[in-house]
Each structure stands twice: as structure tokens, then as C-alpha cells.
Amino acid sequence: MNAFFQWADGRREPARPHCQNHTIQIPKEEIPAGACALEIELDEFTAPTGSDGCFLVPNIRQNACDNVGPGGVIRFQHRPDGETHFGFNSMPFFAVIRDGKGVLAVVSGMSLEYELIVRLHNGTYHLTPRFQWEGEPDEAIELKLLPLDEPTYSAAARAYRRYQLERGACLPLRERAVRYPAAGEAALGPMVRLRLAWKPVPSPVPEQTLENEPPLHVAITFDRVCEIIERFHRRGIRHAEFNLVGWNCSGHDGRWPDWAPVEPRLGGEAGLHKVIELARQYGYLISLHSNNIDSYSISSRLSPEDLLLDSDGNPVDGGSWGGGRCRRLCPKAAYRFAEEDFAEFSRWNLYGTHYIDVLSILRPDACFNPAHPLSRREAGEWRGRTLRLARESCGASSSEGAWDFCIGDMDYVLYAVFKPDMPLPQFCDEAIPLWHLVYHGILTYNSDCGTVNEAISPDPEKMLRNLECGGRPLNYFYSKFTTTNNNWMGEDDCSCGTDEELDRCVEAIARSAEEFSKRSDLQFEFIERHERLGGGLVRVEYSNGTVLLINHSATPQQAEGHEVAAHSYLRLDPRRA
């Protein structure tokens with residue numbers, strides 16, 4: 001093993017990590033002043049070109065926006081020298097499979113401050129973690145090396161899951177549902193998100209005021225939400241959760257951190273309470289969408305002291321959304337708003353999976369605001385505290401994306417992967433559902449953006465891909481709300497502008513919910529093994545012994561003595577003695 005500290009001027013000096021009990025550590029007190037990076041070159045994470053095996057990385061996405069992608073496999077093929085950087089490791093581990101054995105490296109210290117570098121040089125592959133930080137590190141750099149019980153990516157997922165459970169980072173859904181019943185009830189049926197109202201996105205008015213605020217588009221009033229709930233009930237849909245998006249003043253992303261008053265053009269607070277009571281009467285879960293990371297200048301609650309500042313002292317930009325130009329809130333400062341908000345929400349008889357936008361789809365930023373400075377680790381902890389507050393106040397909590405720094409504080413993930421069909425980067429040969437293999441049976445989720453509205457899609461692949469990854473169906477009324485990049489959730493969209501549109505969508509969702517009910521019990525099981533058998537056939541094995549054979553191809557396929565029809569699946573349950 002070799003390790004080197006680096007400085008901004010390019011200087012490098014050898015580091016001397018402590019190695020004991022399969023743990024590699026450099027205490028923070030031994031990190032030299034002024035150093036800004038460390039590379040650790042491990043002999044175990046090298047392999048000659050042409051050898052059997054692979055590297056595994058947890059996230060192949062390489063840009064900073066919406067940075068959750070699938071896991072990746074890098075095989076030791078013959079190809080030109082070069083290197084690829086994987087900078088957004090949404091789960092802090094990497095692995096090597098070589099010589100019929102496997103090793104998992106868990107980044108247990110500075111887990112938000114590193115990238116992975118895959119290098120091919122002179123016929124040898126290297127997988128190198130490179131830690132980078134601003135200011136003074138606030139914790140030790142640490143790696144734990146864990147052996148795999150077999151040389152597969154499923155074994156790597158099992159090993160990391162076991163590590164997370166044994167250290168208490170999260171609980172199995174079966175156990176968590178005892179403590180938080182809403183989380184268990186949610187696993188039995190689809191999530192139905194209803195986007196009620198929104199302003200133009202991107203905003204034509206970057207800095208909005210009460211005088212220049214763009215017009216609000218109202219798609220679903222609270223009275224119409226009640227009609228949707230009634231139709232679900234009449235159709236016999238037993239289990240469903242309704243999550244209201246854009247219920248707040250000025251609709252989706254309207255004036256955060258302001259939400260009050262409840263948007264009058266939808267029916268105001270009285271209309272919202274009518275929705276909540278009707279959903280509860282029929283036994284449906286009901287929850288809200290809120291935002292504790294974005295802020296807009298139109299907000300009456302916002303103060304400059306609340307903003308997240310970068311190392312140059314500038315506010316961190318969050319893009320252009322309904323409220324105009326977005327500036328990120330410091331998660332510690334935002335927690336004050338969360339305490340105020342959930343004190344009110346907890347009185348509203350809500351019972352479901354409260355959704356807080358963005359918190360888990362982006363790596364936490366360090367805050368350099370002198371009023372509340374935070375490291376990345378501390379910023380992540382404050383995001384987790386906010387999700388925990390949502391759970392305690394409303395029943396369960398959720399956010400967008402699959403960074404796992406706050407995994408124990410969440411119950412549902414809105415699209416665990418952002419775009420599954422992204423181009424593979426250099427030195428990546430295959431995308432794999434690594435996150436899903438780790439966290440199925442711990443959280444519920446839909447697999448990726450592309451599986452939204454699988455119920456109404458003419459493409460059976462939407463359902464099959466979500467099924468393969470263990471996802472829960474996600475239906476979205478008015479998923480499209482931007483004038484650019486409007487198809488990240490696909491072309492299929494639920495709507496209710498007419499009764500005919502609503503009836504068509506409810507009927508499709510009912511059929512999807514009935515199909516899901518045949519396998520919803522598997523939401524409480526771990527996925528132990530995922531295998532691509534060739535010919536478009538995938539085998540998924542659960543911890544209770546159930547096997548799903550999923551055929552993505554246009555022709556029937558044979559497996560385990562069974563024929564699987566084209567674009568279909570079979571469930572094989574273990575024989576009982």
C-alpha cells in the first residue's frame with residue numbers, strides 16, 4: 001500500500017496510515033496542515049489486463065446535477081491506457097472481484113469527501129480512493145476491508161447491507177414498521193403524487209416580489225383531489241398513498257421557505273383539511289410535499305443569514321424554479337423553519353410519508369457561513385435531523401434520490417436512480433442495480449425516473465424494470481411542469497382535466513395496484529441475489545426464498561423448468577415442507 005498527501009500547489013508527501021484489524025486509518029490529528037487531498041493505493045485493488053474479475057463502483061453518474069446513478073462494473077479488458085473519475089459515491093464503498101475472491105472497501109471516515117479513480121496504466125488496472133477537503137478535516141480518514149462470501153456484485157451488496165445493519169445505520173422495514181406503522185402500510189400499495197399548482201419553470205422572473213410574481217397554473221383543486229380519492233375508493237383500491245405537491249402558497253416551489261397560507265386558489269386550509277379527512281376516512285395514507293433546502297427572494301421568512309455559503313463566501317445557487325432564482329439554505333439554519341413547520345403539520349391529522357424535496361439526491365455541501373459553519377458530514381447530519389422530524393410528526397419521511405448519509409432517517413425514496421439509461425462512462429462495462437440490492441427490505445422506493453407512471457404506460461418495460469429492482473409503483477398526476485427538460489420522468493403522464501381522463505388513469509392504477517398486491521409482501525424481504533441470465537432474462541432471489549424470473553425480451557424464455565412469456569415475469573415461491 002502507498003499513500004500520499006497532496007497540497008494545492010501540487011506538492012506530494014508520503015502518508016503513513018495505521019493498519020489494524022482490516023482497517024486503514026489516518027487520524028485527523030495526523031493530517032498535515034494545509035494538505036487538501038490524500039490518495040491511497042491498495043495492492044488489493046489492482047489487476048492485470050485480461051484477468052478475470054472486475055471493480056465495482058456504487059454510482060457511475062459523473063455530473064453534479066441530480067447525481068444519483070446506478071452502480072457500475074469495470075472489467076479488466078484490454079483497452080487503451082487512461083483514467084476515469086467517479087466523484088459522486090452515493091454509497092461509501094467500492095469493491096474488487098479477482099482470482100475468484102472479493103473484497104469490499106467501506107469508506108467509514110470522510111465518506112462524503114472522496115472520489116474513485118479507475119486508472120489503466122502499462123497493463124494494470126488500479127482503483128484508487130482520493131479524499132479531498134476544504135479547510136480542516138473534522139474526522140479521521142478510514143477504510144474498512146471486508147471479505148465477500150462469493151465473487152459477485154450481489155455479495156458486495158449483501159456485505160455492505162450487513163455492515164449498515166450491524167452498526168445500526170438503518171433498520172429492516174419489517175422492524176421499522178413496528179415503530180413507524182405508516183412506513184409498513186405504505187409498502188402495501190402505490191404512491192400517488194398529485195401536482196396541484198405551479199408557476200412557470202424556469203421562471204421568467206428571477207427575483208420575484210408580490211408585485212411581479214408570475215401567474216399560477218392550477219391543475220387540481222382540493223375539491224378535485226377529493227373526487228380522485230372517491231374514485232379510488234369506488235374502484236376498490238385498498239392501499240394507496242396520496243402525496244400533495246404544490247398545496248402551499250403559490251404552488252410547487254412557490255415561495256420557500258414560506259408555505260403559508262395554504263394556496264387559496266386551491267381551496268385554502270379548509271379545503272386541505274377536507275382532503276386529509278376524506279383520505280383518512282377511507283384508510284388511505286395522506287402526506288405533503290415540502291422543501292427545506294431551497295429558498296427564494298419572495299419569501300417573507302428568509303434572511304441572508306440563513307443561506308448556505310461556499311468557501312468564497314457566495315450563496316450556493318440551486319437553479320431556476322417556480323419561485324425564481326433558487327439559493328440553497330444551510331441545513332442547520334433550515335432546521336429552524338422545519339421545527340416551526342412540523343409543529344403546525346403535526347396538528348393536521350396527516351398520516352403518511354412526508355416528502356422533503358432534494359435532501360437525499362445531492363451530496364451535502366459544506367457551509368462556510370460564519371453564523372453556522374458546517375462540514376459536509378455535519379450538513380448531512382442536519383438533513384437527517386430534518387427527515388427524522390418529518391417522520392416523528394407525520395408518520396414516515398421521504399426525499400428524492402439515494403445518497404445514504406441519512407438512510408436511517410428515511411422510509412421512502414423517490415426514484416432511487418435518476419436516469420438509468422445514461423451513457424456508460426469510460427472504463428464502465430455494465431450498469432447494475434447495486435443500491436436496490438443493498439436497501440430493498442429496508443426502504444421502499446420506485447427504481448428510477450423512467451418507471452414513473454408505469455400503470456398507464458403502453459411499454460411493459462416500465463413495470464418490469466421497477467419489478468426487477470424491487471420498486472413500489474409510483475403514479476404522478478401532472479409530472480411535467482417545466483418548459484425545458486420536461487421528460488426526465490418519461491412521456492407517460494396522469495391527468496384529470498376531464499372525468500374521462502381521470503377514469504382512465506384510476507382504472508389503470510387499479511389494475512397496477514392489483515398486480516402489485518401479488519408481490520407487495522416482498523417489500524419486507526431483502527434481495528439476496530440478482531443475475532442476468534442472457535437473452536433478456538433476469539433472476540432475482542429474495543431472502544424468503546422467492547424467485548422472480550423476469551423476461552425483458554420479445555420472445556419466451558426458459559429457466560428453471562419454466563417458460564417465461566415475452567415481456568412478463570413469473571414468481572416462484574419456495575416449496576413448503
Side-chain angles (χ1 to χ4, degrees), residues 176 179-183 185-186 191-197 220-222 225-226 229 240-264 266-296 299-302 306 323 329 331-360 382-400 406 409-414:
R176 199 156 32 81
R179 189 179 304 179
Y180 304 105
E185 293 176 35
M191 169 67 78
V192 183
R193 281 171 65 85
L194 306 171
R195 197 185 315 274
L196 309 183
I220 313 176
T221 65
F222 291 136
V225 175
C226 288
I229 294 172
E241 173 163 11
F242 296 97
N243 182 255
L244 305 183
V245 183
W247 57 275
N248 46 287
C249 66
S250 295
H252 182 208
D253 290 333
R255 298 181 184 178
W256 300 113
D258 289 5
W259 60 264
V262 176
E263 179 50 53
L266 300 178
E269 189 167 332
L272 175 59
H273 288 304
K274 182 180 174 183
V275 168
I276 295 169
E277 294 310 312
L278 184 63
R280 296 297 306 274
Q281 175 186 329
Y282 289 144
Y284 295 128
L285 298 172
I286 182 74
S287 55
L288 302 178
H289 166 123
S290 66
N291 193 314
N292 287 91
I293 194 170
D294 295 340
S295 71
Y296 301 96
S299 169
S300 63
R301 290 203 289 177
L302 182 66
D306 300 322
L329 292 170
K332 182 176 181 180
Y335 189 76
R336 171 173 56 87
F337 299 128
E339 288 183 306
E340 296 172 1
D341 296 346
F342 287 110
E344 180 67 17
F345 300 160
S346 65
R347 293 192 283 266
W348 286 4
N349 199 30
L350 292 157
Y351 181 65
T353 313
H354 187 96
Y355 176 88
I356 304 178
D357 215 359
V358 181
L359 288 188
S360 61
W382 279 101
R383 289 191 193 180
R385 288 183 65 174
T386 300
L387 286 162
R388 195 154 62 244
L389 182 60
R391 174 194 277 162
E392 297 292 346
S393 301
C394 301
S397 68
S398 68
S399 190
E400 174 186 24
C406 56
D409 299 311
M410 290 173 37
D411 302 291
Y412 175 76
V413 169
L414 184 70

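- Taken from CZ in F337 to CG in N292, the straight-line distance is 9.0 Å, to the nearest 0.5 Å.
- Between the side chain of D253 and the backbone N or O of G323, no donor-acceptor pair lies under 3.5 Å.
- Using a 30° and 60° split on the angle between ring planes, W247 and W259 fall in the tilted class, from 30° to 60°.
- Ring geometry, F345 versus W348: the interplanar angle falls from 30° to 60°, so the pair is classed tilted.
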For N349 and R280: C-alpha separation, side-chain torsions, deciding distance, then whether side chain to side chain contact (heavy atoms under 4.5 Å, CB included) applies. CA-CA 8 Å; N349 199 30; R280 296 297 306 274; 2.9 Å; yes
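- Separating the CG atom in L196 from the CG atom in L266 is a distance of 5.5 Å, to the nearest 0.5 Å.
- When every heavy atom of I293 is checked against every heavy atom of V358, the shortest pair comes out as CG2-CB, 3.7 Å.
- Between D294 atom CG and L329 atom CG the span is 7.5 Å, to the nearest 0.5 Å.
- Nearest heavy atoms, G395 versus Y180: O-CB, 3.7 Å.
- Residue pairs meeting the salt bridge (Lys or Arg N to Asp or Glu O under 4.0 Å) criterion with at least one member in residues 334-346, sequence neighbours excluded, are R301-E340, R301-D341, D306-R336, E344-R347.
- Residues passing the side-chain hydrogen bond (donor to acceptor under 3.5 Å, both in side chains) test with D357 are Y355, sequence neighbours excluded.
- Checking side-chain atoms of N248 against main-chain N and O of V262 turns up no donor-acceptor pair under 3.5 Å.
- Side-chain atoms of S398 come within 3.5 Å of backbone atoms of H354 as a donor-acceptor pair (strictly under, hydrogens ignored).
- Between E277 and H273, the side chains place no donor N or O within less than 3.5 Å of an acceptor N or O (distance only, hydrogens not considered).
- Formation of a donor-acceptor pair under 3.5 Å by the S346 side chain with backbone atoms of A343 is found in this model.
- Across all non-hydrogen atoms, the minimal contact from L359 to S399 is N-OG, 3.1 Å.
- Shown here for A279 and I286, the closest heavy-atom pair between the two residues is CB-CB, 3.8 Å.
- The side-chain heavy atoms of I229 and Y284, taken from C-beta on, include a pair separated by under 4.5 Å.
- For the pair H289/H252, a side-chain contact is recorded, criterion being any heavy-atom separation below 4.5 Å from C-beta on.
- The two residues L278 and C226 make their nearest non-hydrogen contact at CD2-O, 3.5 Å.
- Here the rule is side-chain hydrogen bond (donor to acceptor under 3.5 Å, both in side chains) with D409, and of R391, R383, R385, R388 only R388 fits it.
- Checking side-chain atoms of E241 against main-chain N and O of T353 turns up a donor-acceptor pair under 3.5 Å.
- Side-chain atoms of E185 and Y351 form a donor-acceptor pair, as typed in the model, at a separation below 3.5 Å.
- A distance of 12.0 Å separates CG of L244 from OG of S290, quoted to the nearest 0.5 Å.
- In terms of heavy-atom proximity, G268 sits nearest to F222 at O-CE1, 3.3 Å.
- With values rounded to the nearest 0.5 angstrom, R193 atom CZ is found 4.5 Å from N243 atom CG.
- A side-chain hydrogen bond (donor to acceptor under 3.5 Å, both in side chains) with D258 is found for exactly one of S295, S300, S250, namely S300.
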